[in-house]
Protein chains: 2
Amino acid sequence: MSDQEGRFREYLGAKGLRITPERQAVLTAVLGIQGHFTADQLYLRLERKNPRASRATVYRTLEHLVGSGLVDKVDLGGQQAFYENFYGREHHDHLICLGCGEIIEFTSRAIEELQDSVCREHQFEARSHSHKILGHCRKCH
Amino acid sequence: MSDQEGRFREYLGAKGLRITPERQAVLTAVLGIQGHFTADQLYLRLERKNPRASRATVYRTLEHLVGSGLVDKVDLGGQQAFYENFYGREHHDHLICLGCGEIIEFTSRAIEELQDSVCREHQFEARSHSHKILGHCRKCH
DNA sequence: GTTGAGATTGAGACTAAGTCTCGACTACTG
DNA sequence: CAGTAGTCGAGACTTAGTCTCAATCTCAAC
Ligand SMILES: [Mn+2]
Ligand SMILES: [Mn+2]
Ligand SMILES: [Zn+2]
Ligand SMILES: [Zn+2]
């Protein structure tokens with residue numbers, strides 16, 4: 001049992017939720033994906049596996065995975081929500097190429113600190129943030 | 001004729017688009033709104049006026065207003081797009097209260113500069129960005 | 001092991017926001 | 001003032017996700 005599986009079970013247990021084959025299948029599928037993915041891409045992967053999971057279950061399970069901290073839901077614009085494996089990773093933001101769709105991750109301690117001070121100035125208690133920069137990547141100039 | 005109206009007419013003219021009563025009605029309604037609004041709120045205002053404008057026309061005209069720089073489309077999360085009057089204003093980002101929905105605007109030259117340097121590092125040509133911070137405002141702690 | 005309360009599931013109906021279609025209409029140019 | 005695009009509105013359609021509910025399953029307590 002992977003660390004992730006342990007963490008997920010713990011999370012479910014603590015909330016009186018059950019460990020089901022569908023939830024395990026979703027977790028396994030998520031762990032096998034690299035990079036950013038949509039709920040639908042995840043569903044498509046699971047569709048032909050056994051055990052499978054319905055679209056409804058995929059959405060429901062993703063919420064639990066986000067709740068347990070294993071997955072991060074990220075707003076990359078467009079109409080669909082994106083998700084990414086978050087286990088062992090740390091917060092970052094994104095550059096999104098309008099040409100080829102490439103997603104580049106960035107972290108900036110300095111920006112995060114300035115954010116904090118903006119919040120302090122406004123006596124605002126930040127819970128989360130989303131910072132994305134749209135433009136063209138090196139290859140797409 | 002206001003500056004805004006002049007600017008809009010100029011924009012339309014330059015693109016071979018027509019100045020119609022519906023488009024004028026939308027512009028007038030937009031100018032009468034303060035703060036951030038949704039397409040639907042705008043449509044509701046116009047519904048009972050004369051001339052009115054259909055939902056389709058409201059959406060279509062908003063695009064032209066954004067194109068002309070009179071209106072800014074801002075991503076505040078949630079499912080609907082928000083817009084705001086942008087004439088004579090400058091770029092800013094938003095703090096969004098999860099409690100009461102209040103929207104606080106902020107500007108940070110320092111953050112914008114750090115953004116630029118992040119882009120430079122990745123040889124990324126920024127076109128636009130969206131930076132929002134979710135949390136609780138002073139009144140909602 | 002059996003059992004029952006309560007959690008979970010999948011199919012498909014539903015919602016919400018916005019886009020698209022197309023026949024009727026209208027602004028502008030010459 | 002006529003012809004040609006551009007524009008309009010009604011409503012069908014799309015997309016992403018949520019909700020409903022009857023059937024099924026999990027798990028802790030016997
Ligand atoms: Mn990422
Ligand atoms: Mn604003
Ligand atoms: Zn690119
Ligand atoms: Zn508040």
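Quick caveat, the model's predicted, so the values are computed rather than measured. Proteins get letters first, then strands, A, B, ... in listed order; numbering begins at 1 in each.
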Could you check how far [atom1] of [X] sits from [atom2] of [N], rounded to whole Å?
X: A:Tyr83; N: D:dA16; atom1: OH; atom2: P; answer: 12 Å
X: A:Tyr43; N: D:dT18; atom1: OH; atom2: P; answer: 16 Å
X: A:Arg23; N: C:dT8; atom1: CZ; atom2: C1'; answer: 6 Å
X: B:Arg18; N: C:dC25; atom1: CZ; atom2: P; answer: 17 Å
X: B:Glu22; N: C:dT26; atom1: CD; atom2: P; answer: 9 Å
X: A:Leu12; N: C:dT9; atom1: CG; atom2: C1'; answer: 15 Å
X: B:Gln24; N: C:dA27; atom1: CD; atom2: P; answer: 10 Å
X: A:Gln41; N: D:dG17; atom1: CD; atom2: C1'; answer: 15 Å

Return no unless some side-chain N or O of [X] is found under 4.0 Å from OP1 or OP2 of [N].
X: B:Arg9; N: C:dC28; value: no
X: A:Thr20; N: C:dT9; value: yes
X: A:Gln79; N: D:dT15; value: no

Got a salt bridge between [X] and [Y], using NZ or NE/NH1/NH2 to carboxylate O under 4.0 Å?
X: B:Lys132; Y: A:Asp75; result: yes
X: B:Arg89; Y: B:Glu105; result: yes
X: A:Lys139; Y: A:Glu102; result: yes

- Taking every non-hydrogen atom, the tightest pair across B:Ile33 and B:Asn85: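 Shortest heavy-atom contact: O-ND2, 4.1 Å.
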- Query: Which residue lies toward the 5' end of DNA chain C, B:Lys73 or B:Ile19, if each is placed at its nearest nucleotide?
  - Reply: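 The residue whose closest nucleotide sits nearer the 5' end is B:Lys73.
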- Message: Quick check: on DNA chain C, is the nucleotide nearest B:Gln80 upstream (toward 5') of the one nearest B:Leu17, or the reverse? Name the residue that is more 5'.
- Response: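 Here B:Gln80 is the residue nearer the 5' end.
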- Message: Under a 3.5 Å cutoff, is there a donor and acceptor pairing between the side chains of A:His94 and A:His131?
- Response: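 Looking only at side-chain atoms, A:His131 and A:His94 do not form any donor-acceptor pair under 3.5 Å.
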- Message: If we count only N and O atoms by modelled type, under 3.5 Å, do the side chains of B:His91 and B:Glu112 hold a donor and an acceptor together?
- Response: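 Yes - a donor-acceptor pair under 3.5 Å links their side chains.
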- Would you call B:Leu70 and B:Phe86 a side-chain contact if the rule is heavy atoms closer than 4.5 Å?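 They are not in contact (no side-chain heavy atoms under 4.5 Å apart), so the answer is no.
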- Message: For A:Arg60, is there any backbone N or O sitting under 3.5 Å from a side-chain donor or acceptor partner on A:Glu63?
- Response: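 It does not hold such a pair.
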- Message: Short of 4.0 Å, heavy atom to strand atom, which residues of residues 57-70 of chain B count as contacting DNA chain D?
- Response: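 Residues of residues 57-70 of chain B that come under 4.0 Å of DNA chain D are, in numerical order, B:Thr57, B:Arg60.
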- Dot-bracket notation for DNA chain D is requested: 5' to 3', Watson-Crick or G-U wobble pairs only, both distances under 3.5 Å, with ( ), [ ], | and . as defined. ||||||||||||||||||||||||||||||
- Task: Could you walk me through whether A:Gln24 and A:Arg9 pass side chain to side chain donor-acceptor pair (under 3.5 Å), step by step?
- Result: CA-CA 9 Å; A:Gln24 298 197 106; A:Arg9 282 171 180 243; 2.6 Å; yes
- Item | Any N/O donor-acceptor pair, B:Arg55 side-chain to D:dA10 base, under 3.5 Å |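 Under the 3.5 Å cut-off, the side chain and the base do not form any donor-acceptor pair.
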